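Note that the coordinates shown come from a computational prediction; the quantities given were computed from them, not determined experimentally.
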Amino acid sequence: MTTLIFDCDGVLADTERFGHLPAFNATFREFGLPVEWSADEYGRLLQIGGGKERMATLLTPAFVEAAGLPRDPEGQAAEVARWHARKTAIYSEMVAAGRLPPRAGIRRVITEAQDAGWRLGVASTSAEASVRAILDVAAGPERAARFELVLAGDVVARKKPAPDIYLLAVERLAVSPDDVLVIEDSRNGLLATIAAGLRCLVTVSDYTAEEDFSEAVMVLTSLGDPGGEATRVIANRSPATPEGWITLRDLEACLLTQARVAP
């Protein structure tokens, strides 16, 4: 029995550039806020874990004055919560409309792992409604319902790169860290995984740089699909993995490898 834990954004689907960013900007327009994030600016904001936390960076004195926002912390927090709730709704509508298809290979990996008796979970800093919407699309509703764990949003006080969400996942699943492989796409996610004492496979996506992931047991361009998008192995600290697409045996090899970086 082994355990596979997925991040959501950039792992289950390429969501940041084509999903979250447009949803944030649409929300700003609806609320009449004088801001629109560019792709480059949003890439820098991804170093901050959590959508509400990214929105809160707007709350400079000048912005608060220009937008006519409350000046007290409680009022500002309530405004950010309203913005984020609407952003989550817009994003969920985009997912339901099929505008954010799953990453190549992800449904195959989920299907093979579940059929082999693996335990599956998701650990993400995104809002739970957004995560569940993406999971339904990526895995299919029936397979998504079989996930044993979905941790999302504010389930922990400290978000990635803090290890809290992965420590909670291991606790909730009651598994040994040696039996857990995490699939991530961000530097913060990798750092959170390492700090939790877990192995991490990285699949690069919209806003990730290959050189940021030397600590991962494997770095891939994608999970790939037979006859579809090919997988390129960028860095490999586990037993050799063939080019083409990732297999369940490759994931087991990642778990068996002794390569692990200390926190």
Between [atom1] on residue [X] and [atom2] on residue [Y], distance to nearest 0.5 Å:
| X | Y | atom1 | atom2 | result |
| --- | --- | --- | --- | --- |
| Arg232 | Ser222 | CZ | OG | 10.0 Å |
| Ile48 | Met55 | CD1 | CE | 12.5 Å |
| Leu4 | Glu148 | CG | CD | 12.0 Å |
| His20 | Tyr42 | NE2 | OH | 5.5 Å |
| Leu135 | Ser130 | CG | OG | 12.5 Å |
| Thr111 | Arg143 | OG1 | CZ | 4.0 Å |

Trp245 side chain to Thr231 side chain, donor-acceptor N/O pair below 3.5 angstrom: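 No, Thr231 and Trp245 have no side-chain donor paired with an acceptor closer than 3.5 Å.
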Side-chain donor-acceptor pair present, Asp179, Thr3, cut-off under 3.5 Å: no
Kindly indicate whether the side chain of [X], heavy atoms from C-beta on, has any atom under 4.5 Å from the side chain of [Y].
| X | Y | result |
| --- | --- | --- |
| Arg199 | Asp178 | yes |
| Ile5 | Val180 | yes |
| Leu181 | Thr2 | no |
| Arg103 | Asp14 | yes |
| Glu30 | Ile90 | yes |
| Glu112 | Trp118 | no |
| Ser186 | Gln47 | no |
| Arg108 | Ile246 | yes |

Is [Y] reachable from [X] through a run of I, L, V, M, F, W or Y residues, each pair having side-chain heavy atoms under 4.5 Å apart?
| X | Y | answer |
| --- | --- | --- |
| Leu100 | Ile106 | yes |
| Val155 | Leu167 | no |
| Ile110 | Val137 | yes |
| Leu168 | Ile165 | yes |

Pairing of Asp154 and Lys159 as salt bridge, 4.0 angstrom limit: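 Salt bridge between Asp154 and Lys159, a charged N being under 4.0 Å from a carboxylate O: yes.
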Short N-O contact, Arg82 and Glu79, less than 4.0 angstrom: yes
Residue pair Phe63, Val35: steps toward the side-chain contact (heavy atoms from CB on, under 4.5 Å) verdict: CA-CA 9 Å; Phe63 186 88; Val35 61; 4.1 Å; yes
side-chain contact (heavy atoms from CB on, under 4.5 Å) between Leu46 and Asp9, intermediate numbers included: CA-CA 11 Å; Leu46 287 175; Asp9 296 312; over 6 Å; no
Pair Leu120-Arg146, side-chain contact (heavy atoms from CB on, under 4.5 Å): steps then yes or no: CA-CA 8 Å; Leu120 271 61; Arg146 292 171 55 185; over 6 Å; no
Salt bridge (charged side-chain N to carboxylate O under 4.0 Å, His left out) evaluation trace for Glu215 with Arg187: CA-CA 10 Å; Glu215 300 97 326; Arg187 180 71 180 164; 2.7 Å; yes
Between [X] (side chain only) and [Y] (backbone N and O only), is there a donor and an acceptor less than 3.5 Å apart?
| X | Y | answer |
| --- | --- | --- |
| Arg107 | Ala138 | yes |
| Arg71 | Pro61 | no |
| Asp185 | Thr203 | no |
| Asn25 | Trp37 | yes |
| Arg119 | Leu173 | yes |
| Gln76 | Pro70 | yes |

Least distance between heavy atoms, Ser126 atom then Ala152 atom: O-CB, 3.3 Å
Minimum heavy-atom distance between Gly197 and Pro177, given as atom pair plus value: O-CB, 3.9 Å
Verdict with supporting geometry, Cys254 and Asp250, side-chain contact (heavy atoms from CB on, under 4.5 Å): CA-CA 6 Å; Cys254 286; Asp250 299 325; 5.8 Å; no
Parallel, tilted or perpendicular: ring planes of Phe147 versus Phe6, cut at 30 and 60 degrees: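 Correct class here is tilted.
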Parallel, tilted or perpendicular: rings of His84 and Phe24 (30°, 60°): tilted
Qualifying residue for side chain to side chain contact (heavy atoms under 4.5 Å, CB included) with Cys8, from Thr15, Thr125, Ile134: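 Single pass found, and it is Ile134.
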Greater than 12 external heavy atoms within 6.0 Å of Arg249's CZ: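 Atom CZ in Arg249 is not crowded, with 12 or fewer foreign heavy atoms closer than 6.0 Å.
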